[in-house]
Structures are given as C-alpha cells and as structure tokens.
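Proteins come first, then strands; the chains are lettered A, B, ... in the order of their sequence lines, and each starts at number 1. Because the structure is a prediction, the values reported are computed rather than measured.
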Number of protein chains: 2
Amino acid sequence: MVQTRMTKQRAIILEVLRSVKTHPTADELYTLVRERLPRISLGTVYRNLDILTASGDILRLDRAGEQKRFDGDISPHYHIRCDECGRVGDLFMTFPLPDLEKIQVENFDVHGLEVIFSGVCDHCRRRVEQ
Amino acid sequence: MVQTRMTKQRAIILEVLRSVKTHPTADELYTLVRERLPRISLGTVYRNLDILTASGDILRLDRAGEQKRFDGDISPHYHIRCDECGRVGDLFMTFPLPDLEKIQVENFDVHGLEVIFSGVCDHCRRRVEQ
DNA sequence: ATGCCTGCAAAGCCTTTGCATCTGC
DNA sequence: GCAGATGCAAAGGCTTTGCAGGCAT
C-alpha cells in the first residue's frame with residue numbers, strides 16, 4: 001500500500017460525495033467541491049477519486065452509463081439508471097441471485113456478478129408524458 | 001424508420017462481426033474489416049455499428065468495460081468480462097432473477113435489469129499464476 | 001526535510017461529425 | 001436522380017499526465 005496524505009482537497013471531496021445521493025460524475029463533483037474550494041482543479045478531483053476508490057472509501061460506478069459516477073455510500077446496494085437522462089438511484093433490496101459456484105463458463109473463472117437496473121426517473125417520466 | 005441501404009461496407013461489417021466470438025471493440029472490428037476492405041474508414045465502422053445496433057441486428061455492450069464492444073449474436077445470453085484484460089465471453093445459462101414487477105424504487109419506474117459476470121480468463125490466469 | 005499532492009495546461013483515447021464525393025435503390 | 005453512405009480529417013468529450021511549486025507528516 002502506498003502512503004497517502006489526508007489533504008484538505010481529499011477530505012472535502014470525500015465529505016461532499018458522502019453528503020449527496022446523486023452519484024455525481026467527476027465533473028459534477030468538481031462543481032460541488034468548488035463551492036468550498038474555488039481553486040481546486042479537475043485533475044485533483046480525478047486523482048482523488050482514483051485514490052479513494054482504490055482505498056475502498058468510495059465506489060466508482062463503472063457500468064452506470066457513459067461517464068463514470070461515484071458513490072460515497074459503500075454499503076451493499078444496487079443501482080438503477082434512468083434510460084432517458086442517466087440519473088442513478090439506489091435500490092436497497094435483496095433478492096436471490098445465481099450461485100457463482102454453480103456457474104460454469106468456458107475459458108473463464110467466475111469471480112462475481114453485477115446487477116444494474118434500468119428504468120425512467122420521475123423527472124423524465126413527467127417530461128415524456130407531456 | 002429512416003431508410004437505410006445495404007452497402008458493401010455494412011454487409012461486410014455485419015458478416016465479420018457475426019463470424020467472431022471475441023466481442024470486438026469498434027477499433028478491433030475496423031482492423032478485421034480492413035483485411036477485406038482496406039480503404040474503409042473508422043468513421044464508417046462507427047456509423048454502421050450505430051445503425052446496426054439501432055436496427056437490432058447486433059448488440060452494443062455498453063457495460064462490458066471502458067470501451068464499447070459489439071456482439072453479432074443477438075440470441076439471449078449473458079456476458080462475462082475478464083477483470084485483467086477486458087476480454088468478454090458468453091454465458092448461455094438461465095437462472096432465476098428478481099421479478100421486476102415486485103421491485104419498488106423511489107422515484108423510478110423499473111423497466112429492466114442487466115447482469116454482468118466478472119472473472120479471469122484462461123489467458124490471464126496463466127499469466128497471473130506465473 | 002521528504003516525497004506525496006496540487007494547480008495548470010497539455011496530451012491521450014475513444015467517438016462523433018462536417019464536408020465533398022460516391023453509390024444503392 | 002436523389003437521399004443515404006463513404007473517406008478523410010478535424011473536432012469533441014471525458015480522463016490522464018507532466019511539471020514546478022506546495023504542504024502534510
């Protein structure tokens with residue numbers, strides 16, 4: 001493990017990310033963090049998101065759309081993505097999933113599986129219905 | 001529906017994609033197609049992949065890694081992605097999945113769900129074990 | 001004091017797009 | 001013949017990175 005330092009930038013990025021439920025993109029988080037650190041750079045945001053992901057303090061949602069999104073809530077839960085606007089929501093349910101031990105795939109060792117839900121968020125439903 | 005034309009380029013892209021099981025990226029497909037159409041452009045490959053995806057003739061794997069990958073096999077099946085190299089394999093199994101009717105998510109209408117498996121492919125397992 | 005971290009800017013990578021030309025239908 | 005498609009090259013969007021100076025430990 002490489003040594004890391006808790007800089008003001010890193011602390012605030014983590015704090016802001018934990019305070020929102022929007023699963024922001026790096027750029028959205030950059031905008032939010034600049035309200036408190038107006039001179040922070042986008043590169044610093046990206047670098048810290050990498051470090052915080054590697055340390056397990058946050059989640060990087062690689063499969064939640066085109067751009068990566070980040071989640072400050074690392075408790076086990078699923079995500080749902082709006083097909084219209086890309087917004088991501090949380091889904092704190094459990095349900096039966098296939099037993100990985102029983103899954104055989106040619107040429108692969110199976111290690112895990114990910115479930116992503118899709119749908120339409122309230123905001124877009126209203127817009128579409130009009 | 002917009003009118004489309006079956007050009008030589010489109011036909012060969014589709015033929016090549018259907019002939020491989022590698023779930024190539026646009027660039028990998030471009031390389032393969034150039035063996036038969038040396039003067040095709042990468043832009044044409046992208047444009048045709050868009051059109052073929054929209055028409056349902058191929059699948060675009062949006063959640064199978066950083067780059068998008070494409071699949072000429074549109075029969076129902078799952079995918080597994082190698083955590084090491086990003087290769088994608090097929091998984092023709094069925095298993096119980098949560099009933100979408102029963103899933104309630106705040107602020108969302110649930111429409112679908114996607115399952116992606118992850119693991120390590122033979123090629124990388126050999127490399128990692130050494 | 002050390003070396004990790006920052007801001008800035010440039011570069012990288014993948015994908016899309018404008019334009020003149022070409023070609024299925 | 002005409003609208004859709006192509007090749008080429010430039011531009012776009014997101015992310016990473018080189019560098020000189022700054023700061024946590």
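Clustering of Ile, Leu, Val, Met, Phe, Trp and Tyr by side-chain heavy atoms under 4.5 Å joins A:Leu52 with A:Ile12, A:Ile13, A:Leu14, A:Val16, A:Leu17, A:Val20, A:Leu29, A:Tyr30, A:Leu32, A:Val33, A:Leu37, A:Ile40, A:Leu42, A:Val45, A:Tyr46, A:Leu49, A:Ile58, A:Phe70.
For the helix from C:dA1-D:dT25 to C:dC25-D:dG1, the axis fitted to the five pairs at one end and the axis fitted to the five pairs at the other end meet at an angle of 40° (nearest 10 degrees).
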Restricting to nitrogen or oxygen on both sides, can you table the protein-nucleotides 15-22 of chain D pairs closer than 3.5 Å?
residue	atom	partner	partner atom	Å
D:dT15	OP1	A:Lys68	N	3.3
D:dT15	OP2	A:Tyr46	OH	2.2
D:dT15	O5'	A:Tyr46	OH	3.1
D:dG18	O6	A:Arg47	NH1	3.2

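If you take CZ of A:Arg39 and C1' of C:dC5, they are 16 Å apart, rounded to a whole angstrom. The interatomic distance linking B:Asp62 (CG) with C:dC14 (P) rounds to 16 Å, in whole Å. Protein atom CZ of B:Phe70 is 11 Å distant from nucleotide atom C1' of C:dC14, rounded to whole Å. Per the geometry, CD1 belonging to A:Ile13 stands 12 Å off P belonging to C:dC5, to the nearest Å. Distance CZ (B:Arg10) to C1' (C:dT23): 12 Å, rounded to an integer number of Å. Nucleotide C:dC4 holds its P atom 17 Å from the CG atom of A:Leu52, rounded to whole Å. Atom-to-atom, CZ of A:Arg69 to P of D:dG13 comes out at 17 Å; the value is rounded to the nearest Å. Computed from coordinates, the A:Ile12 CD1 to D:dA24 P distance equals 12 Å when rounded to whole Å.
Put simply, B:Ser41 has no side-chain N or O that comes within less than 4.0 Å of OP1 or OP2 on D:dA9. An OP1 or OP2 oxygen of C:dT6 is reached within less than 4.0 angstrom by a side-chain nitrogen or oxygen of A:Thr7. When the side-chain nitrogen and oxygen atoms of B:Gln9 are compared with OP1 and OP2 of C:dT23, none of them lie within a distance under 4.0 Å.
In this structure, CD on A:Glu66 lies 11.0 Å from CZ on A:Arg69, to the nearest 0.5 angstrom.
Looking at B:Arg63 and A:Glu114, no side-chain N of the basic residue comes within less than 4.0 Å of a carboxylate O on the acidic one, giving no salt bridge. A salt bridge links A:Arg60 with A:Asp50: the distance from a Lys NZ or Arg NE/NH1/NH2 to an Asp or Glu carboxylate oxygen falls below 4.0 Å.
Relative ring orientation between A:His77 and A:Phe92 is described as parallel, the plane-to-plane angle staying below 30° on a 0-90° scale split at 30° and 60°.
In this model, no donor atom of one side chain and acceptor atom of the other lie less than 3.5 Å apart for A:Asn107 and B:His123. Using modelled atom types and a 3.5 Å distance limit, the side chains of A:Thr25 and A:Asp27 yield no donor-acceptor pair.
Aromatic ring centroids of A:Tyr78 and B:Phe108 lie 6.0 Å or more apart.
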| message | Applying salt bridge (Lys or Arg N to Asp or Glu O under 4.0 Å) to B:Lys8 and B:Glu15, what does each step give before you reach the verdict? | response | CA-CA 10 Å; B:Lys8 187 186 296 187; B:Glu15 198 179 316; over 6 Å; no

